[in-house]
Amino acid sequence: MIDAKAWMADLLPQLRQAFGARLQYLGLQGSYRRGEATEASDIDVVLLLDAVALDDLDVYRAIVRGMPEGQKACGFIGSVADMLHWPRHELFAFQKDTDDWLGRLENFLPVITEADIADAAKIGASGLIHLLTHSYLYAEADDRPLVLQEAYKAAFFVMLVRHYLACGVFCRSKKDLLHAVEGTEREIIAAGRDLSRWLAANTEKQAYAMLLQWCEAVLQGDGVCMFA
């Protein structure tokens, strides 16, 4: 595993040298930001330039691939103009799950309203409902555990938004959220942290049913009340 702080501190001057004043923002998000990274975790970097061309992507790829464990570099690269016009329901969790390393991300985003945040929860839930029903019907049996793992990972982000709508707190990690929720939501977070272990004591059908029922409650609810 990398030392995320040292890795980002090494990356920043290389980006400054490559892009100069065009470099507008740098941030770190994902499991390394949350302190939950494992040996298999991606390194999720957020990079904003004044504009992004394919040549810029070539330069950036060469820089990160030259970093320690650079093959794990992942994340988001975009332009300042793109961010100002990005669908706002996608930006709330994106901002909250990002630590600033250069600039302040909030300065590059449009104003995000509570309605945008509520939309984020419902749109996230609706996408999960489609994923779960489609995979339950059509995925090969060997592929379902991987689909469920991705679905439970995505549910964590929807739940972060739901919890914020309920109490105004955006939890920094899965551990923090696990202690903040109860009932079905706590079980979903616990299952998502080690789904293979959870499935050893429960059935795949139960995993589908629990997450589907929760997603339906999010979609059909008012976007604020917590599901328990």
Side-chain angles (χ1 to χ4, degrees), residues 25 27-36 44 46 48 75-76 78 82-100 104-134 147-195 198 206-228:
Y25 177 81
L28 177 69
Q29 60 181 199
S31 57
Y32 273 102
R33 183 205 72 88
R34 296 191 298 269
E36 298 175 336
D44 296 291
V46 179
L48 298 182
F76 179 90
D82 286 342
M83 297 311 295
L84 287 174
H85 295 86
W86 207 268
R88 289 178 299 179
H89 72 272
E90 293 190 358
L91 293 176
F92 174 72
F94 181 84
Q95 177 193 351
K96 292 292 187 181
D97 191 40
T98 305
D99 280 351
D100 298 327
R104 292 177 60 86
L105 184 55
E106 64 181 354
N107 293 338
F108 298 97
L109 305 181
V111 175
I112 301 170
T113 68
E114 186 167 310
D116 298 326
I117 302 170
D119 283 345
K122 292 197 174 191
I123 291 170
S126 66
L128 281 171
I129 290 171
H130 175 68
L131 173 65
L132 291 165
T133 55
H134 187 275
V147 173
L148 280 170
Q149 183 65 63
E150 291 302 311
Y152 274 77
K153 179 179 178 180
F156 163 67
F157 293 100
V158 176
M159 201 177 297
L160 282 171
V161 174
R162 287 270 287 166
H163 184 67
Y164 178 86
L165 286 166
C167 65
V169 175
F170 192 89
C171 294
R172 186 172 178 86
S173 67
K174 290 180 181 178
K175 181 179 179 181
D176 291 344
L177 185 60
L178 183 66
H179 292 314
V181 298
E182 56 187 19
T184 300
E185 290 190 318
R186 178 173 289 185
E187 185 69 11
I188 289 171
I189 293 297
R193 294 179 77 183
D194 191 345
L195 189 60
W198 192 90
Q206 287 173 318
Y208 271 96
M210 178 170 65
L211 194 51
L212 267 173
Q213 289 169 9
W214 178 78
C215 288
E216 289 171 350
V218 175
L219 184 62
Q220 297 171 24
D222 61 7
V224 176
C225 296
M226 298 294 285
F227 179 90

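Side-chain contact between Leu148 and Leu211 is absent, with no heavy atoms from C-beta onward closer than 4.5 Å. Using a 4.5 Å cut-off on side-chain heavy atoms (C-beta onward), Thr98 and Tyr25 make contact. Between Ile112 and Glu106 there is no side-chain heavy-atom pair separated by less than 4.5 Å. Val158 is not listed as a side-chain neighbour of Ile123, based on a closest heavy-atom distance of 4.5 Å or more. Looking at Met159 and Trp214, their side chains come closer than 4.5 Å, going by heavy atoms from C-beta outward. Leu91 is listed as a side-chain neighbour of Met83, based on a closest heavy-atom distance under 4.5 Å. Between Lys96 and Leu160, every side-chain heavy-atom pair lies at or beyond the 4.5 Å cut-off. For the pair Phe94 and Gln29, the minimum side-chain heavy-atom distance is below 4.5 Å.
Among the candidates Leu177, Thr184, Leu178, the single residue satisfying the side-chain contact (heavy atoms from CB on, under 4.5 Å) test with Val181 is Leu177.
Annotation for Lys174 and Gly192: closest pair NZ-O, 4.5 Å, computed over non-hydrogen atoms. Shown here for Tyr208 and Leu132, the closest heavy-atom pair between the two residues is CE2-O, 3.2 Å. Residues Cys171 and Ala180 share a closest heavy-atom pair of SG-CB, 4.1 Å. The shortest non-hydrogen separation linking Lys175 to Glu36 is N-OE2, 3.5 Å. Annotation for Leu165 and Ala121: closest pair CD1-CB, 4.5 Å, computed over non-hydrogen atoms. In this structure, His89 and Asp119 approach most closely via the heavy-atom pair CB-CB, 4.0 Å.
In this pair, Phe76 and Trp86 present their aromatic rings perpendicular. The plane angle is above 60°, beyond the 30 to 60° band. Relative orientation of the Phe92 and Phe170 rings is perpendicular, given thresholds of 30° and 60° on the angle between their planes.
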request  = Decide side chain to side chain contact (heavy atoms under 4.5 Å, CB included) for Arg34 and Asp97; before the verdict, give the C-alpha distance in whole Å, the side-chain angles of both, and the deciding distance to 0.1 Å.
outcome  = CA-CA 8 Å; Arg34 296 191 298 269; Asp97 191 40; 3.4 Å; yes
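Contacts of His134 classified as side chain to side chain contact (heavy atoms under 4.5 Å, CB included), with partners at least two apart in sequence or in another chain: His130, Tyr138.
One finds the CD1 atom of Ile189 at 11.5 Å from the NE2 atom of His179 (value rounded to the nearest 0.5 Å). Taking CD1 from Ile129 and NZ from Lys122, the interatomic distance works out to 11.0 Å, rounded to the nearest 0.5 Å. Atoms CZ and CD, on Phe108 and Gln95 in that order, are 12.0 Å from each other to the nearest 0.5 Å. Going from atom CD of Glu216 over to atom CG of Leu128 covers 11.5 Å, rounded to the nearest 0.5 Å. Atom CH2 of Trp198 sits about 9.0 Å away from atom CD1 of Ile188, to the nearest 0.5 Å. Here the CD atom belonging to Glu185 is positioned 6.0 Å from the CZ atom belonging to Arg162, to the nearest 0.5 angstrom.
A salt bridge does not link Asp44 to Arg33: none of the charged side-chain nitrogens sits closer than 4.0 Å to a carboxylate oxygen.
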